[in-house]
Amino acid sequence: MSRNTFNTGITRYWWIPLVTGLIFVAFGIWCFVNPASSITVMAYCFCAGMLLAGILDISFSIANRLINPNWGWRLAMGLLEIALGVWLLFLPAPVLAVSFVYAVGIWMIVVAINSVCEAAVMSRYVGGAIVWMILALIATIVLACIFIINPLLGGVTVWLWLGLSLLTFGIYQITMSLNIKTINRDTDGLL
C-alpha cells in the first residue's frame with residue numbers, strides 16, 4: 001500500500017525545487033566568477049533560466065493540485081517567472097540592461113516573501129531546518145532591497161548584491177527540496 005501512496009504523495013516531486021535551486025546557485029556563482037561580463041548577456045541567460053524555473057514551478061504545482069491545497073501559489077510564481085522571462089527576452093538590448101536590474105530585484109523580493117510562507121507551512125513537518133531556511137530568505141530580501149536601492153553603482157558592487165541574492169535564494173530552494181525528500185521518506189510517501 002505504501003508503494004501506491006508513494007506515487008501520489010506531494011513529496012515525490014522533491015527534486016523540482018532542487019533543480020531550480022541549483023539554477024539560482026549557478027547564476028549566483030556566475031555573478032561572482034564573471035562580474036565583467038556584459039549585463040545584457042547575463043540578462044538573456046537569466047531569462048532562459050527564469051523560463052526553465054517557471055516551467056518547473058508550474059509542473060510542480062499542477063502535479064500536486066489534487067493533493068496540496070496551496071498549489072495555486074506555486075502556479076502563480078511559475079506564471080510570474082515565465083511572464084518575466086518572456087517580457088525581458090523581447091526587450092531591446094539597451095532597455096534590457098536597465099529593466100533587468102529592477103525586474104530581478106523586485107522578483108527576488110516577491111519570491112522570497114512567498115517562500116517564507118512556504119517555509120512556515122513546512123514547519124509542522126520539519127523542525128530546525130526551517131529556521132535556517134527562513135534566515136536565508138530574510139537575507140535574500142535584504143540583499144535584494146540593497147540591490148534595488150543602488151542598482152547602478154556599477155562594476156562588482158552590482159554583481160555582488162545580485163550574486164548574493166541569487167545564491168541565498170538558491171540555497172533556500174535546495175534546503176527546501178532536501179526537507180521535502182526527508183518528509184517523503186519519513187511518511188513513506190503519504191504526503
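Treat the numbers as computed from the prediction; the structure is a model and nothing was measured.
- Atoms CD1 and CH2, on I58 and W71 in that order, are 10.5 Å from each other to the nearest 0.5 Å.
- The shortest non-hydrogen separation linking I109 to C145 is CD1-SG, 3.7 Å.
- L56 and V19 make their closest contact through CD1-CG1, 3.5 Å (heavy atoms, listed as atom of the first residue, atom of the second, distance).
- For T168 against A136, the heavy-atom pair with the smallest separation is CB-O, 3.8 Å.
- Taken together through direct or relayed side-chain contacts under 4.5 Å among Ile, Leu, Val, Met, Phe, Trp and Tyr, V142 and L167 form part of one hydrophobic cluster.
- The nearest pair of heavy atoms linking A112 to T140 is CB-CG2, 4.0 Å.
- A donor-acceptor distance shorter than 3.5 angstrom exists from the side chain of N179 to the backbone of T175, with no hydrogens or angles considered.
- Put simply, the side chain of F46 reaches to within 4.5 Å of the side chain of L166, judged on heavy atoms.
- In terms of modelled atom types and a separation under 3.5 Å, the side chain of S177 and the main chain of I174 share a donor-acceptor contact.
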Handout entry: side-chain contact (heavy atoms from CB on, under 4.5 Å) evaluation trace for L96 with Y44
Key = CA-CA 9 Å; L96 176 64; Y44 283 123; 3.4 Å; yes

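- The two residues P17 and T20 come nearest to each other via the heavy atoms O-OG1, 3.0 Å.
- Here the CD1-OH distance, from I138 to Y172, works out to 12.0 Å after rounding to the nearest 0.5 Å.
- Between L88 and L91, the closest side-chain pair of non-hydrogen atoms falls below 4.5 Å.
- The closest side-chain heavy-atom distance from F32 to L164 is below 4.5 Å.
- Here the straight-line distance linking atom CE of M176 with atom CG of L137 works out to 9.0 Å at 0.5 Å rounding.
- No continuous path of ILVMFWY side-chain contacts below 4.5 Å connects I180 to W73, so the two sit in separate hydrophobic clusters.
- Under a hydrophobic-cluster definition in which Ile, Leu, Val, Met, Phe, Trp and Tyr are linked whenever side-chain heavy atoms come within less than 4.5 Å, directly or via other members, L51 and V110 are assigned to the same cluster.
- Summarising the geometry, atom CZ belonging to F169 is positioned 10.0 Å from atom CD1 belonging to I141; distances are rounded to the nearest 0.5 Å.
- Atom-to-atom distance recorded for I62:CD1 and D57:CG is 11.0 Å, nearest 0.5 angstrom.
- At a threshold of 4.5 Å between side-chain heavy atoms, the hydrophobic network of Ile, Leu, Val, Met, Phe, Trp and Tyr places V33 and V104 in one connected group.
- Atom CE of M77 and atom CG of N114 lie 5.0 Å apart (nearest 0.5 Å).
- At distances below 3.5 Å, not a single donor-acceptor pair connects side-chain atoms of Q173 with backbone N or O atoms of G21.
- No option in W87, F24, Y102 other than F24 meets the ring-ring contact (aromatic ring centres under 6.0 Å, His included) test with W107.
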